[in-house]
Amino acid sequence: MSRVELPDIFENGMMLQREKPIKIWGTGAENSKLVIQLGESKESVQIKNGRFFCELPSMSAGVGWTLLFFIEGEVIPEIKIENISIGDIWIAAGQSNMEYFLRYDAHWNDVKRQPINENIHMYNCPRIAYLGQKREQPDSGHWFLEQQPQWESFSAPGYSFARAIQPVLDVPVGIIGCNWGGTPACAWMESSYFEEDPLCVFSKEYEEAVSKIEKKELEKRSMEAWEFEDSYLHQIAWRAMMYGMNEEDQKRWMKENAKSPLLPMGPYHQYRPGGLYEEMVKKIAPFGVKGVLWYQGESDSNHADIYDITFTKLIDCWRKTWKDELPFLFVQLAPFGKWLDCDGTNYSVVREKQELVEKFVPNTGMVSIMDLGMYEDIHPKQKMEVGERLALLARGLVYGEDVLCESPEFIDAECVGNRVVLTFSHTGKSLYLKGEQIKSLVIYQGGRKRKIKTYQIDASITLFLEEQTKEPIEILFAKESYCEVNLFNEAGLPVKPFSFICEVKGDYRG
């Protein structure tokens, strides 16, 4: 038995982050002294209270490195980790649309025929809900490459990001999957964030839910629910759902599964405030990474009014945990109607709050996927596009490349008579339209909907209304829970949702 134990993320074939101090930690025999060596870098560290932590100097990108752990005074290493690559590592975090397995993606048949890129490395954090939980998760807890068994159940957006950006960076790229379907943002944050308004709503709701069930009964029902959740039959049934079902098939699925055990909110639930921060995030922190890719917010639509605060605090929590101002690149929620027993109510509000985070929280960026939604499925199937847009955003915002990487954003509108001119940022040479009409663009004036007679599109949009009136006009674009955006910039990125009230100036003759 080894006298030194390391977290699972330290193993053969692993990756380390380039150009940042290399942080290593673990457990060992009390009062032992370790010598840790990577290339020419060597540090001694004392094991205190059964634990140790060490920082090695930063290194440039490369492959084929070996990390050695010696008990002081011994010449044979206690642990030898080989075939280490050094490059850029990103965490792919969030709920089911980030967790979404590669095998469910619309492009899977093409993806799996691609030549193997041995400079892409992946690692899935085991999905553990509570301390001591034991689950069979063969796809988690190990580094792996394309075409290996774990690959098809890895994050499709995370993998797509790596596939798009690795050839551009020309260094090894690693993705750490730290995600779980259905999880609210509060599950991924340290519990102290729920002590004050407005985030105390999460701890209050949790306490209220737990108080309704006697402790032993709660544990009994939780264990029954976890046994069902991890059963082979449930996994097969859920796989069919994730591939996609129409509304009628979903209704039949819900009816057939109506008597399945339900996991009650409590100390065994993965959604509880602070739970996954303790059981997943802290298991990989402060492992060196370049940044975070975040796709989450669906499960916060019931608290959409505070999502900007919730997400801002989550970013603050992770940055403090890593002691690093990590860039956060995130995905705005896709258009969505209804799926199983949930719907897109308040999704437009969540999207507004996400834009506030992008605008006011430093070192963040947001990709829009308002053209990729599905009315009857909360899980859009085109995840390769999501990862590619995140990679493009990283190239511009993080790596400093001069590329058009952001979606067009509404700046201002001017209305003269019956002519309305909309201006945008991030258009490139020109906007372009897929189709004959601008979808999801609605104009109200004097309490009634105005018809657009004709339009012109270049770097701005000029609308001609049917008649002139003097009342202010209200412009709404893509503000519904579900819509189909078909207006793009030169880089193929969809225009972001917006709303604006514009005063009418004078008459237009033309």
Non-neighbouring partners of [X] that pass salt bridge (Lys or Arg N to Asp or Glu O under 4.0 Å), sequence neighbours left out:
| X | answer |
| --- | --- |
| Asp105 | none |
| Glu376 | none |
| Asp402 | none |
| Lys439 | Glu484 |

Can you name the nearest heavy-atom pair linking [X] to [Y], along with the distance?
| X | Y | value |
| --- | --- | --- |
| Ala162 | Val173 | CB-CG1, 3.9 Å |
| Pro472 | Ile501 | CB-CG2, 4.1 Å |
| Asp8 | Gly141 | CB-O, 3.8 Å |

Flag the pair [X] / [Y] as yes when their ring centroid distance falls below 6.0 Å, and as no otherwise.
| X | Y | result |
| --- | --- | --- |
| Phe424 | Phe498 | yes |
| Trp226 | Tyr268 | no |
| Phe410 | Phe477 | no |
| Tyr104 | Tyr243 | yes |
| His269 | Tyr271 | yes |

Problem - Enclosure of Glu471 CD (heavy-atom neighbours >12, cutoff 6.0 Å) - result: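 More than 12 within 6.0 Å, yes.
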Exercise for the section: Assign the ring pair Phe328 / Trp318 to parallel, tilted or perpendicular, where the plane angle (0 to 90°) is split at 30° and 60°. Expected result: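 Taking Trp318 first and then Phe328, their aromatic rings stand perpendicular (interplane angle over 60°).
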Under the side-chain contact (heavy atoms from CB on, under 4.5 Å) rule, collect the residues that match up with [X], sequence neighbours excluded.
| X | result |
| --- | --- |
| Lys449 | Val442, Tyr444 |
| Glu217 | Ile213, Glu214, Lys220, Arg221 |
| Asp377 | Trp339, Met374, His379, Lys381 |
| Ser499 | Leu476, Lys479 |

Should the pair [X]-[Y] be classified as a salt bridge under the 4.0 Å nitrogen-to-oxygen rule?
| X | Y | result |
| --- | --- | --- |
| Glu196 | Lys313 | no |
| Asp110 | Arg163 | no |
| Lys283 | Glu279 | yes |

Problem - Partner set under side-chain hydrogen bond (donor to acceptor under 3.5 Å, both in side chains) for Asp324, not counting sequence neighbours - result: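 For Asp324 the side-chain hydrogen bond (donor to acceptor under 3.5 Å, both in side chains) partners, ignoring immediate neighbours, are Lys20.
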Problem - Those residues that, when tested against Gln296, pass side-chain hydrogen bond (donor to acceptor under 3.5 Å, both in side chains) (two or more places apart) - result: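 Gln296: side-chain hydrogen bond (donor to acceptor under 3.5 Å, both in side chains) contacts with Gln95, Asp300, Tyr307.
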Practice task
Check step by step if side-chain contact (heavy atoms from CB on, under 4.5 Å) holds for Ser348 and Arg351.
Solution key: CA-CA 5 Å; Ser348 62; Arg351 294 183 196 119; 4.2 Å; yes
Problem - Stepwise ring pair (Phe, Tyr, Trp, His ring centres under 6.0 Å) test for Tyr347 and Phe336 - result: CA-CA 8 Å; Tyr347 270 42; Phe336 165 60; 5.3 Å; yes
Exercise for the section: Would you mind reporting whether Phe154 and Ile175 have side-chain heavy atoms less than 4.5 Å apart? Expected result: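 Touching, per the 4.5 Å side-chain cut-off.
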Taking the side chain from [X] and the backbone from [Y], do they hold a donor-acceptor pair closer than 3.5 Å?
| X | Y | answer |
| --- | --- | --- |
| Ser222 | Leu218 | yes |
| Glu414 | Val421 | no |
| Gln332 | Met366 | no |
| Glu278 | Ala129 | no |
| Ser96 | Gly181 | no |
| Asn346 | Ser301 | yes |
| Ser407 | Pro494 | yes |

Practice task
Step by step, work out the ring pair (Phe, Tyr, Trp, His ring centres under 6.0 Å) result for Phe194 and Tyr206.
Solution key: CA-CA 11 Å; Phe194 313 122; Tyr206 173 77; 9.9 Å; no
Exercise for the section: Kindly determine whether Leu329 and Val367 satisfy side-chain contact (heavy atoms from CB on, under 4.5 Å), including the steps that lead there. Expected result: CA-CA 8 Å; Leu329 307 182; Val367 299; over 6 Å; no
Exercise for the section: Show your reasoning for whether ring pair (Phe, Tyr, Trp, His ring centres under 6.0 Å) applies to Tyr123 and Phe287. Expected result: CA-CA 12 Å; Tyr123 177 91; Phe287 192 80; 8.1 Å; no
Does one side chain, of [X] or [Y], offer a donor that lies under 3.5 Å from an acceptor on the other?
| X | Y | value |
| --- | --- | --- |
| Ser155 | Tyr295 | no |
| Glu247 | Tyr375 | no |
| Asn97 | Glu298 | yes |
| Thr310 | Asp308 | no |

Problem - Phe488 six-ring face occupied by Lys434 cation (under 6.0 Å, within 45°) - result: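 So Lys434 does make the cation-pi contact.
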Practice task
Look up atom CG in Leu326 and atom CH2 in Trp90, then write down how far apart they are to the nearest 0.5 Å.
Solution key: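 Those atoms lie 9.0 Å apart.
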Exercise for the section: For residues 325-336, pull every pair meeting salt bridge (charged side-chain N to carboxylate O under 4.0 Å, His left out), keeping only residues two or more places apart or in separate chains. Expected result: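 Sorted pair list: Arg319-Glu325.
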Exercise for the section: Not counting sequence neighbours, list each pair that qualifies as a salt bridge (charged side-chain N to carboxylate O under 4.0 Å, His left out) and has a residue in residues 126-141. Expected result: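 Applying salt bridge (charged side-chain N to carboxylate O under 4.0 Å, His left out) to every pair that reaches into residues 126-141, excluding sequence neighbours, yields Glu99-Arg127, Arg135-Asp230.
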Problem - Full working for side-chain hydrogen bond (donor to acceptor under 3.5 Å, both in side chains) between Gln270 and Thr183 - result: CA-CA 7 Å; Gln270 71 269 31; Thr183 49; over 6 Å; no
Exercise for the section: Let me know which of Glu352, Glu355, Glu358 forms a salt bridge (charged side-chain N to carboxylate O under 4.0 Å, His left out) with Lys496. Expected result: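 Checked Glu352, Glu355, Glu358 against Lys496; only one passes salt bridge (charged side-chain N to carboxylate O under 4.0 Å, His left out): Glu358.
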Problem - Member of Phe101, Trp108, Phe144, Trp143 meeting the ring pair (Phe, Tyr, Trp, His ring centres under 6.0 Å) criterion with Trp151 - result: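 Of the listed options, the one satisfying the test is Trp108.
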Exercise for the section: Quick one: do Trp294 and Met98 satisfy side-chain contact (heavy atoms from CB on, under 4.5 Å)? Show the steps, please. Expected result: CA-CA 7 Å; Trp294 183 263; Met98 182 59 87; 5.9 Å; no
Handout entry: Met265 vs Lys212, side-chain contact (heavy atoms from CB on, under 4.5 Å): CA-CA, chis, key distance, verdict
Key = CA-CA 10 Å; Met265 178 52 67; Lys212 295 178 180 179; over 6 Å; no
